[in-house]
Amino acid sequence: MTVPSFQPLQGMSDLAAPEIYLWQEVEETARRILALYHVGEVRTPILEPTGLFVRSLGEGTDVVQKEMYTFEDRGGRQVSLRPEGTAGVIRFLAGQGDEAAGARVYYLGPMFRAERPQAGRRRQFHQLGVELIGPPNPAQDVEAVAMQQHLLNAWGLHGARIEINTRGLPDEQDAVSAGIRRALEPDAGRLCEDCRRRLLTNVLRVLDCKQEGCRALVDKLPPVTDFMGQESRAYLEEVKRLLALMELPVEINPRLVRGLDYYLHTIWEIKHPALGAQDALSGGGRYRIEWEGAVVEGVGFAAGLERILTALQQEKGHPAGTAQGRPVAWIVSQGAGTLEQNLVLAQTLRRRGVPCGLALDGRSVKAQMRAANRSGAAFAVIRGELEREKGLVVLKNMKDGTQEELELPALLERLLLATRAEVAST
RNA sequence: GUGGGUGUAGCUCAGUUGGCAGAGCACCAGGUUGUGGCCCUGGGAGUCGCGGGUUCAAAUCCCGUCAUCCACCCCA
């Protein structure tokens with residue numbers, strides 16, 4: 001079978017107009033908000049040594065075991081396309097040594113996971129992530145949550161819920177799993193088929209099963225903190241106190257779990273009802289990652305931009321963002337020699353900052369006017385043989401249809417004015 | 001990796017018991033010998049995803065395959 005070569009690989013997409021405008025809005029908003037929190041951007045490579053991800057995410061995680069794009073490079077090194085952003089940032093910061101203490105960074109870019117695509121899941125997808133470096137500190141965790149809340153507001157997403165919980169300390173994980181398993185075992189017969197398997201393989205996954213029967217049982221489970229020590233419980237209590245103090249609308253979900261090995265203490269997730277099975281817009285938590293003998297501690301979160309976009313489109317009912325780059329003027333030519341003259345005119349206008357377009361293929365005036373209309377230009381500038389003889393140009397207002405003849409300096413002035421008005425209104 | 005739905009014009013889709021490949025939108029041209037939008041007329045465009053099979057005859061039935069969508073696993 002021939003694979004049409006004009007199609008991207010499975011699960012990968014070309015992003016172009018009109019959706020690209022919504023992407024740009026979302027990204028610009030994020031950069032603006034993060035600047036308020038004194039968080040700076042870092043751009044790390046998309047390709048990293050495979051070992052970086054294996055060691056930071058955990059050898060047993062699905063991401064590492066079956067979802068990475070891993071291959072050998074020309075030097076025989078095992079490399080992988082990044083499946084998430086934290087590891088690369090941590091590698092970077094670990095190399096900074098003491099300089100990295102208290103670092104506050106964000107990243108925004110493509111990630112890769114070789115999963116089967118579905119709603120809200122692509123093989124190449126985009127994440128915005130924030131990492132605040134520092135030892136465990138409830139205040140820092142709450143600051144990160146506040147930042148997330150601020151981002152959601154700024155994007156205009158109102159249907160999103162923030163759920164928060166604790167993962168406790170690494171050496172408490174076995175006790176938590178064992179405790180949950182013990183609590184579920186008496187009712188094992190009432191769990192769904194998948195969950196009976198999860199009981200053995202990955203108990204914590206039962207906690208976010210979507211089957212109703214399982215949910216009923218899960219709701220009656222003791223909170224995970226019951227299986228944790230005093231330190232973990234006190235940490236969560238302090239986080240809750242600070243969240244209330246800052247009046248952040250978050251919900252404590254004592255049964256929220258997150259899978260990556262590096263998490264400890266505070267973890268959270270943002271869900272949106274309009275997204276189908278993949279309803280998590282964003283996830284975050286406190287972590288501790290070791291790399292080449294260096295230890296990096298911090299708190300962070302990552303938001304799936306495709307999912308943010310989908311949620312925004314659903315909430316607002318608009319399929320795409322606002323069109324940008326609309327020209328102020330569209331130049332129309334007619335007759336021998338006017339095309340090249342108008343090409344020069346267009347360049348003059350553009351050098352002065354007036355966005356304008358013109359057709360280069362010498363079509364009829366009617367066709368060029370149609371193009372002017374389609375472009376959304378506020379004015380058509382008509383300069384054909386007649387105008388050239390008179391040394392004038394025709395300026396037509398596309399909105400009301402009126403037109404007048406002007407000399408070039410007057411035209412330039414009018415269009416500069418219109419450009420400023422256009423800029424002011426956006 | 002597993003399961004189900006869908007692949008027909010640039011886009012959204014119709015196509016009956018197997019019998020000439022269609023519509024709307026978009027695009028192009030004309031109606032207006034130099035003026036857009038609304039209207040009218042005309043036009044171009046399709047390997048019916050691909051490969052095989054059944055049949056006098058396949059978009060239609062069968063098998064395979066690829067893509068896509070949805071779900072599972074898992075995750076943003």
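Naming: A, B, ... by sequence-line order, numbering from 1 per chain.
Among the nucleotides G1(B), G36(B), U35(B), the one closest to any side-chain atom of Arg116(A) is G1(B). Among U35(B), A76(B), G34(B), the nucleotide with an atom closest to any side-chain atom of Tyr263(A) is A76(B).
When the side-chain nitrogen and oxygen atoms of Gln10(A) are compared with OP1 and OP2 of U68(B), one or more of them lie within a distance under 4.0 Å. Residue Arg363(A) places at least one side-chain N or O under 4.0 Å from the OP1 or OP2 atom of C28(B).
Residue Gly85(A) is out of contact with every strand shown, counting any heavy-atom pair closer than 4.0 Å. Residue contacts for Ala302(A): at a heavy-atom cut-off of 4.0 Å it reaches the sugar-phosphate backbone alone, with no base atom in range. No engagement by Gln65(A) is indicated, since no non-hydrogen atom pair under 4.0 Å with the nucleic acid exists. Nucleic acid contact class of Gly401(A) (heavy atoms, under 4.0 Å, all strands): base.
Side-chain atoms of Gln368(A) come within 3.5 Å of backbone atoms of Arg363(A) as a donor-acceptor pair (strictly under, hydrogens ignored). The closest donor-acceptor contact from the side chain of Arg350(A) to the backbone of Cys356(A) lies under 3.5 Å.
With RNA chain B read from its 5' end, the first of the two nearest nucleotides for Ala367(A) and Lys399(A) is the one closest to Ala367(A). Where Arg122(A) and Arg258(A) each meet RNA chain B at their nearest nucleotide, the meeting point lying more 5' is that of Arg122(A).
The CZ atom of Arg383(A) sits 17 Å away from the C1' atom of U35(B) (whole-angstrom rounding). In this structure, NZ of Lys66(A) is placed 10 Å from C1' of U2(B), rounded to the nearest angstrom.
The partner of A71(B) is U2(B), judged by Watson-Crick or G-U wobble contacts that both fall below 3.5 Å. In this structure, A9(B) makes no Watson-Crick or G-U wobble pair, since no nucleotide meets both defining distances under 3.5 angstrom.
Of the N and O atoms on the side chains of Gln148(A) and Ser282(A), at least one donor lies less than 3.5 Å from an acceptor on the other residue. Side-chain atoms of Arg383(A) and Ser333(A) form no donor-acceptor pair, as typed in the model, at a separation below 3.5 Å.
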